[in-house]
Amino acid sequence: MRMVDLIEKKREGEELTPAEIRYVIEGYTKGDIPDYQMSSFLMAVYFQDMTDAERAELTMAMVESGDQIDLSPIEGIKVDKHSTGGVGDTTTLVLGPLVAACGVPVAKMSGRGLGHTGGTIDKLEAITGFHTELTPEQFTEQVNELKLAVVGQSGNLTPADKKLYALRDVTATVSSIPLIASSIMSKKIASGADAIVLDVKTGDGAFMKTPEEAEKLARAMVRIGKETGRQTMAIISDMSQPLGYAIGNSLEVKEAIDTLKGEGPQDLTELCLVLGSQMVVLGGQADSLEEARGKLEEVIRNGEALRVFRAFVERQGGNPAIADDPDLLPQAAHTFTLEAEAAGWVADIVADDAGTAAMLLGAGRATKESEIDLAVGLVLHKKVGDRVEQGEALATIYANSEDISEAKELLKKSILISGDEVKAPELILEVVTG
């Protein structure tokens with residue numbers, strides 16, 4: 001078998017055999033296939049696409065290129081959730097306790113963030129004392145007892161994907177549906193999930209800018225899940241504006257706590273109920289999405305979801321008192337108000353720009369080496385479609401520096417006020433189950 005023949009075969013749009021795909025991935029991971037040949041192969045895939053069988057085989061070849069997490073000692077169906085990212089996306093902090101309170105084990109491995117704000121691990125570390133390093137035995141024991149544990153990603157998971165992604169980034173092949181789908185699904189499968197729920201974002205603050213692109217990706221990942229024996233469901237959700245109101249690590253933890261109390265933003269609450277319903281069904285704790293949603297709403301009402309959150313924080317070394325007093329989270333030294341210069345309706349909040357404004361305050365990382373300030377960020381007071389009066393607060397900025405001019409100016413430009421009434425965007429655009 002020669003790599004040049006496989007490049008030619010894919011260039012002509014022919015289907016590769018499982019053995020040929022394994023040859024490509026194993027050879028590249030070991031260093032036997034050079035970057036210039038793999039670059040040509042990736043470009044051929046970009047233009048010629050892959051069949052469902054090829055995509056599944058590519059995914060499993062990347063899974064088997066490194067370590068695989070064995071979650072079999074954990075009782076029940078382990079359901080994982082993946083979001084394609086966005087601004088103010090705090091869903092994991094809400095979904096974990098919410099779904100666990102319904103009896104579905106959530107054994108979650110999460111990462112740090114690069115961009116607007118920290119990732120799930122950074123947000124959790126805003127809780128004093130919280131640690132994300134557990135031994136495999138501690139991890140298993142905690143999920144069996146509490147139904148919830150969240151740890152940092154470790155080990156040598158999907159090294160083929162890491163190597164391929166770095167090459168895709170410099171060869172203009174990042175936006176290939178089969179390559180994106182296999183990259184995401186390989187990490188979820190290697191992490192040991194029995195079933196997978198996907199939140200595919202679309203809009204200004206998302207990687208997939210149009211609903212059509214998002215639908216293609218969602219369907220591709222659902223099909224990969226089914227081809228590889230994992231029950232998989234997906235939704236397509238709007239990210240044309242930030243999710244919820246808070247952007248910034250401790251601010252987002254507070255918003256997650258509010259949501260678990262039933263006092264959170266409407267859009268974040270609705271998204272968590274939709275995603276959580278899928279997780280509860282796939283986890284075998286409800287026969288329908290309607291039944292699952294009823295259970296989720298009940299554990300918010302009766303306080304069980306917040307109780308699980310409190311126990312989870314305490315078990316991993318954090319201060320459980322934050323569940324009742326979020327002011328114990330890191331606090332910024334200064335607050336500033338961004339006021340509306342004219343009356344009207346909020347027509348747009350450019351999610352990317354609002355997120356970048358938070359990063360300029362220190363809430364996110366511009367590079368992997370950047371230090372995150374867990375206390376800073378911003379809280380919006382209006383969403384698209386809301387009425388606003390001149391001089392009314394559009395947002396509060398939380399900072400540890402008095403010089404916030406750059407961030408404030410960018411945030412100001414990101415919020416567009418219209419004299420005409422504007423309709424709020426639809427949050428859930430589609431549910432993909434097959």
Side-chain angles (χ1 to χ4, degrees), residues 1-66 68 80 82 84 157-191 193-196 198 200 207-208 212-234 236 432-434:
M1 207 176 292
R2 296 191 312 159
M3 185 61 179
V4 66
D5 297 327
L6 302 184
I7 295 170
E8 183 178 4
K9 186 176 181 179
K10 181 42 67 179
R11 186 195 68 195
E12 298 305 311
E14 297 178 41
E15 184 173 0
L16 299 179
T17 67
E20 288 169 337
I21 291 174
R22 298 282 172 155
Y23 172 83
V24 171
I25 296 304
E26 290 172 12
Y28 185 61
T29 305
K30 292 176 183 176
D32 297 335
I33 294 172
D35 280 352
Y36 62 83
Q37 285 192 312
M38 184 55 81
S39 298
S40 295
F41 178 79
L42 293 174
M43 193 60 76
V45 170
Y46 182 91
F47 283 112
Q48 294 290 2
D49 207 337
M50 283 182 145
T51 65
D52 287 348
E54 284 179 304
R55 292 173 179 187
E57 197 64 42
L58 175 62
T59 301
M60 291 310 297
M62 291 197 289
V63 169
E64 293 164 15
S65 70
Q68 297 179 61
D80 202 354
H82 177 81
T84 57
L157 294 183
T158 62
D161 175 59
K162 292 184 180 73
K163 197 171 179 184
L164 277 174
Y165 193 90
L167 189 61
R168 287 166 55 206
D169 197 36
V170 294
T171 56
T173 53
V174 168
S175 58
S176 163
I177 293 293
L179 298 178
I180 299 170
S182 58
S183 173
I184 292 171
M185 292 299 288
S186 67
K187 290 190 279 285
K188 295 291 105 181
I189 293 169
S191 296
D194 298 318
I196 302 164
L198 302 158
V200 182
F207 182 68
M208 311 307 287
E212 293 75 21
E213 290 175 326
E215 183 184 0
K216 285 180 184 177
L217 178 58
R219 294 195 181 281
M221 291 192 289
V222 168
R223 287 198 295 267
I224 286 174
K226 296 196 173 183
E227 289 271 345
T228 56
R230 271 75 177 177
Q231 287 188 302
T232 308
M233 300 172 88
I236 300 168
V432 179
T433 57

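Note: hydrogens, waters and symmetry copies are ignored here, and every other heavy atom, side chains too, is used.
Between Ile25 atom CD1 and Met38 atom CE the span is 5.0 Å, to the nearest 0.5 Å. Distance CE/Met43 to OG/Ser176: 10.0 Å, rounded to 0.5 Å. The distance from the CE atom of Met62 to the CD1 atom of Ile189 is 9.5 Å, given to the nearest 0.5 Å. Here Leu167 contributes atom CG and Asp35 contributes atom CG; the two are 5.0 Å apart, rounded to the nearest 0.5 Å. One distance of note links CG of Asp5 with OH of Tyr23; it measures 9.0 Å at 0.5 Å rounding.
Looking only at side-chain heavy atoms (C-beta outward), Leu217 and Leu198 stay at 4.5 Å or farther from each other. Ile180 has its side chain within reach of Met208: a pair of non-hydrogen atoms, C-beta onward, lies under 4.5 Å apart. Leu58 has its side chain out of reach of Pro178: every pair of non-hydrogen atoms, C-beta onward, lies at least 4.5 Å apart.
Considering only residues two or more places apart in sequence or on other chains, Glu15 meets the side chain to side chain donor-acceptor pair (under 3.5 Å) condition with Thr51. Listed by chain and number, the residues in a side-chain contact (heavy atoms from CB on, under 4.5 Å) with Ala193 are Asp80, Ile196 (sequence neighbours excluded). Residues satisfying the side chain to side chain donor-acceptor pair (under 3.5 Å) criterion with Asp32, sequence neighbours excluded, are absent altogether. Taking the side chain to side chain donor-acceptor pair (under 3.5 Å) definition, one finds that Thr171 meets it with Thr173, sequence neighbours left out. Considering only residues two or more places apart in sequence or on other chains, Asp161 meets the salt bridge (Lys or Arg N to Asp or Glu O under 4.0 Å) condition with Lys187. Residues forming a side-chain contact (heavy atoms from CB on, under 4.5 Å) with Gln68 (at least two apart in sequence, or on another chain): Val63, Glu64. In this view, Gln37 and Met3, Val4, Ile7, Ile33, Pro34 satisfy the side-chain contact (heavy atoms from CB on, under 4.5 Å) rule, not counting sequence neighbours. For Glu227, there are no salt bridge (Lys or Arg N to Asp or Glu O under 4.0 Å) partners, not counting sequence neighbours. Applying the side chain to side chain donor-acceptor pair (under 3.5 Å) rule to Lys9 yields the partners Glu20; only residues at least two apart in sequence or on another chain are considered.
Among all heavy-atom pairs drawn from Ala218 and Ala234, the shortest one is CB-CB, 4.1 Å. Taking every heavy atom of both residues into account, Val200 and Ala214 meet most closely at CG1-O, 3.7 Å. Minimum heavy-atom separation, Pro159 to Gly66: CD-CA, 3.5 Å.
Residue pairs meeting the salt bridge (charged side-chain N to carboxylate O under 4.0 Å, His left out) criterion with at least one partner in residues 162-173, sequence neighbours excluded, are absent. Within the structure, salt bridge (charged side-chain N to carboxylate O under 4.0 Å, His left out) contacts touching residues 44-59 (residues at least two apart or in different chains) are Lys10-Glu54, Arg22-Glu57, Asp49-Arg55, Asp52-Arg223.
No salt bridge links Glu212 with Lys216; every basic N to acidic carboxylate O contact stays at or beyond 4.0 Å.
Put simply, the side chain of Tyr165 never gets that close to the backbone of Ser183: no donor and acceptor are under 3.5 Å apart.
Tested against Ile224, the residues Ile184, Thr59, Thr232 include a single side-chain contact (heavy atoms from CB on, under 4.5 Å) partner, Thr59.
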